[in-house]
Amino acid sequence: MTAIDRPANPTGDLALLRRHEPIVRYTQGEAFFPMEVTTYLAHATLWEREPNGQVRALAQPGELNAVRLGELVDDVDGRTFLNVATEASAADMARSILPGQRVQAEGFRRGPGRLARVGYLSRFADALFAGSLLLRGRVPGGIARSSALWYRTTAHGGPHPYYGRVFRDAGWTVLQYWFFYAFNDWRSAFHGANDHEADWEQITLFLSSEDEGEPIPRWAAYAQHDYHGEALRRRWDDAEQLQVVDGHPVVFAGAGSHASYFVPGEYQAEQELRLPGWMHVIADVVGRLFGNKSDEDRQRLLPIAFVDYARGDGVSIGPGQERVWAPVLLDQTQPWAFEYSGLWGVSIQDPFEGEDAPAGPVFNRDGSVRGSWFDPLGFSGLDRVAPPEREAEELERRAKQVVVEQGALQEDIAEIGRQLVASGAELEAIRHDANLQHEAEAARVTIEELRVRNRKQRLALTESYSRAEAIERRRERIGAGMMDAPRAHATRIATPVPTGSIAYGRVLELWAALSIGLLLIGLVVTLLVAPKYGFVAATLLIAAFIFVESVLRGTVVALVTTVSVALALIASVILAIHFWVPLVIAGALVAGVFVIAQNLRELG
Amino acid sequence: MTSPSTAQASLDEEAIQRPRPRLLLLAPVLAILLIQAVFQLLAAWTTFRLFGAPGRIPQIATIFAVLNLVATVGLVSGRRFGWIMAMSLSGWNVGYYLVLWWIGVPFYLGMALAALIVFLLGSREMRHAYRADVT
């Protein structure tokens with residue numbers, strides 16, 4: 001199938017999309033909701049960044065529409081991007097932060113501070129990350145506010161469309177719902193990782209049907225930070241993870257980020273600073289010897305924590321909610337989707353891409369086609385899963401193949417056996433004849449080769465029997481209507497941070513906010529005031545900060561253990577270097593005594 | 001709501017119920033702590049120096065000796081605070097001996113004994129026995 005879908009029955013497809021369209025619940029304080037791309041285009045400027053870096057306008061506000069967008073970029077060489085947001089005027093900026101006039105995060109209640117959730121090193125990494133925004137380019141804060149002002153005055157109160165697509169593949173009917181937002185203000189309004197103009201988010205439902213009947217939803221996949229493949233989807237009957245109201249799945253959108261979550265709550269999204277491999281090795285060894293951390297935790301040295309608030313306590317859009325959808329079928333009647341591969345929003349040229357606007361539903365930022373568009377099944381890890389109605393049939397087919405394989409293996413094993421016996425008989429006949437020693441040696445080699453083949457084929461046959469039994473057991477389970485555990489397909493899924501574990505005290509939150517800045521100032525002052533004792537003073541200052549932190553967190557025991565073990569390791573290295581000769585001698589003596597004792601015990 | 005002292009008491013009670021560490025691990029720790037306490041007092045108040053151990057200010061040495069004894073009693077009675085005190089004192093001692101080594105007056109025996117206690121106390125068995133594996 002090409003990038004452009006040509007559904008056979010647009011009316012039926014739209015009805016199907018409507019039947020299972022989601023209910024999206026936003027967090028209190030969300031400023032941007034799904035809007036029409038046509039409204040955005042009507043106010044947008046289209047830019048081209050030429051290969052030499054120059055930026056030129058291809059169309060001014062008022063000149064664009066859904067059809068003309070594709071025509072204008074048809075023979076353009078450089079990368080293109082759209083832009084509505086501009087820096088707000090000083091008056092607008094001032095007005096927008098007055099009580100009752102706020103355009104961003106109005107009514108939003110911040111959760112326990114993200115900085116308090118991580119230690120010093122991660123806070124320092126966070127400071128580096130914030131500093132990197134200055135170097136790598138970022139969306140200025142004024143643009144977020146002006147976008148919110150623009151959205152409030154221009155698009156707020158307008159229809160809320162989703163752009164729906166129906167795709168049929170391998171027995172599945174795939175429903176994709178795309179949502180377009182004017183801005184992602186996760187960083188500027190909700191202390192998140194990034195801001196960017198415009199935002200495209202999607203959810204996908206997977207349906208199947210028996211005998212061409214009405215398709216029944218089986219799975220739902222929501223796009224989320226840090227997750228991919230199987231981890232994105234939940235089974236339709238997994239009531240603990242997926243809320244369904246009258247056939248409509250409920251989505252909890254992240255505040256500002258608009259990422260989609262199955263369960264309401266606060267999600268800790270983490271970014272990991274890239275560190276040299278040897279640092280991970282050392283951390284892993286020390287962690288294994290003296291720590292209690294899991295394998296995964298040991299590898300996360302400098303996680304920068306960002307909180308994605310998906311509380312669902314704000315506006316809801318969907319059937320039976322205060323706001324409803326105005327669906328649009330995403331097919332060839334929407335040329336903007338297929339003909340424009342540029343960015344929807346201002347291009348910052350961020351090397352990490354976090355602050356760059358996204359491309360549309362069909363394309364990646366680099367102009368290639370999105371995996372979720374051309375292969376929705378693979379994107380959600382469903383490409384290896386048969387629809388439930390067809391699984392028994394697939395198993396039966398596989399069982400027949402296995403029986404055929406077993407027959408071939410049995411024949412092969414019998415033939416090898418015959419050859420072995422024949423070769424063995426021949427060897428016995430010739431091995432005592434001095435003139436036939438070369439032939440005897442060749443027979444021995446042949447026998448050894450046949451034995452290897454025999455072992456290999458017998459092992460394969462044994463495994464094949466086990467496979468056949470497993471397939472049969474699976475068929476029986478399916479026949480009896482037994483289902484797998486709802487989350488058996490995924491090893492790691494996004495779960496909100498439990499409320500109890502993020503109940504930090506105000507003192508710790510304040511300390512987390514101040515500590516890195518205070519430490520840096522303290523170090524500078526120390527070096528200026530007492531340069532002679534700078535190293536000692538700086539060490540003591542850092543130690544004092546670490547101690548205060550551990551007291552506030554109630555982790556003094558862990559701190560004492562870690563520091564003591566670290567010092568003891570250093571001391572051990574010094575001792576080993578200084579006393580290596582006596583240590584080697586002592587080791588040899590101990591080993592000698594041990595060996596003698598072991599041997600004498602055997603005698604006695 | 002549980003008060004801090006009640007919570008601490010329950011922690012200590014749990015420590016008692018946990019399996020005691022093997023004598024092979026505990027005995028060297030107790031012995032070294034006791035020996036350290038005795039020789040710290042001797043070094044503080046007399047001219048006796050074990051293998052040239054550095055002297056300390058008498059009052060401070062006395063405090064450390066007493067703390068060593070308290071930690072020893074705590075460990076013997078299976079209390080969590082005994083483990084915490086022993087680990088803190090040993091960590092401090094290792095740091096102290098490292099500083100001495102750095103400034104050119106090393107005392108290797110003290111460094112080795114302090115490091116040994118840290119490793120013994122830091123073993124999984126000891127941490128489990130004294131509930132030092134929970135925060």
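Only a predicted model underlies this, so the values are computations on that prediction, with no experimental measurement involved. A note on names: the letters A, B, ... follow the listed sequences, proteins ahead of strands, and every chain is numbered from 1.
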Going by heavy atoms in the side chains, are [X] and [Y] under 4.5 Å from each other?
| X | Y | value |
| --- | --- | --- |
| B:Arg80 | A:Val557 | yes |
| A:Ser572 | B:Phe119 | yes |
| B:Val118 | A:Leu567 | no |
| A:Ile574 | B:Tyr97 | no |

### Query
Got more than 12 heavy atoms from elsewhere within 6.0 Å of CD, A:Gln598?
yes
### Query
Is the number of heavy atoms from other residues, nucleotides or ligands within 6.0 Å of OH (A:Tyr533) greater than 12?
no
### Query
Closest heavy-atom contact between A:Leu575 and B:Tyr108?
CD2-CD2, 3.6 Å
### Message
Tell me the closest heavy-atom pair linking B:Gly91 and A:Ser564, and the distance in Å.
### Response
CA-OG, 3.3 Å
### Task
Assess whether side chain to side chain contact (heavy atoms under 4.5 Å, CB included) is satisfied between B:Trp83 and A:Thr561, documenting all intermediate values.
CA-CA 10 Å; B:Trp83 184 94; A:Thr561 308; 3.2 Å; yes
### Query
Which atoms of B:Ser90 come close to chain A, meaning under 4.5 Å heavy atom to heavy atom: side chain ones, backbone ones, both, or neither?
neither
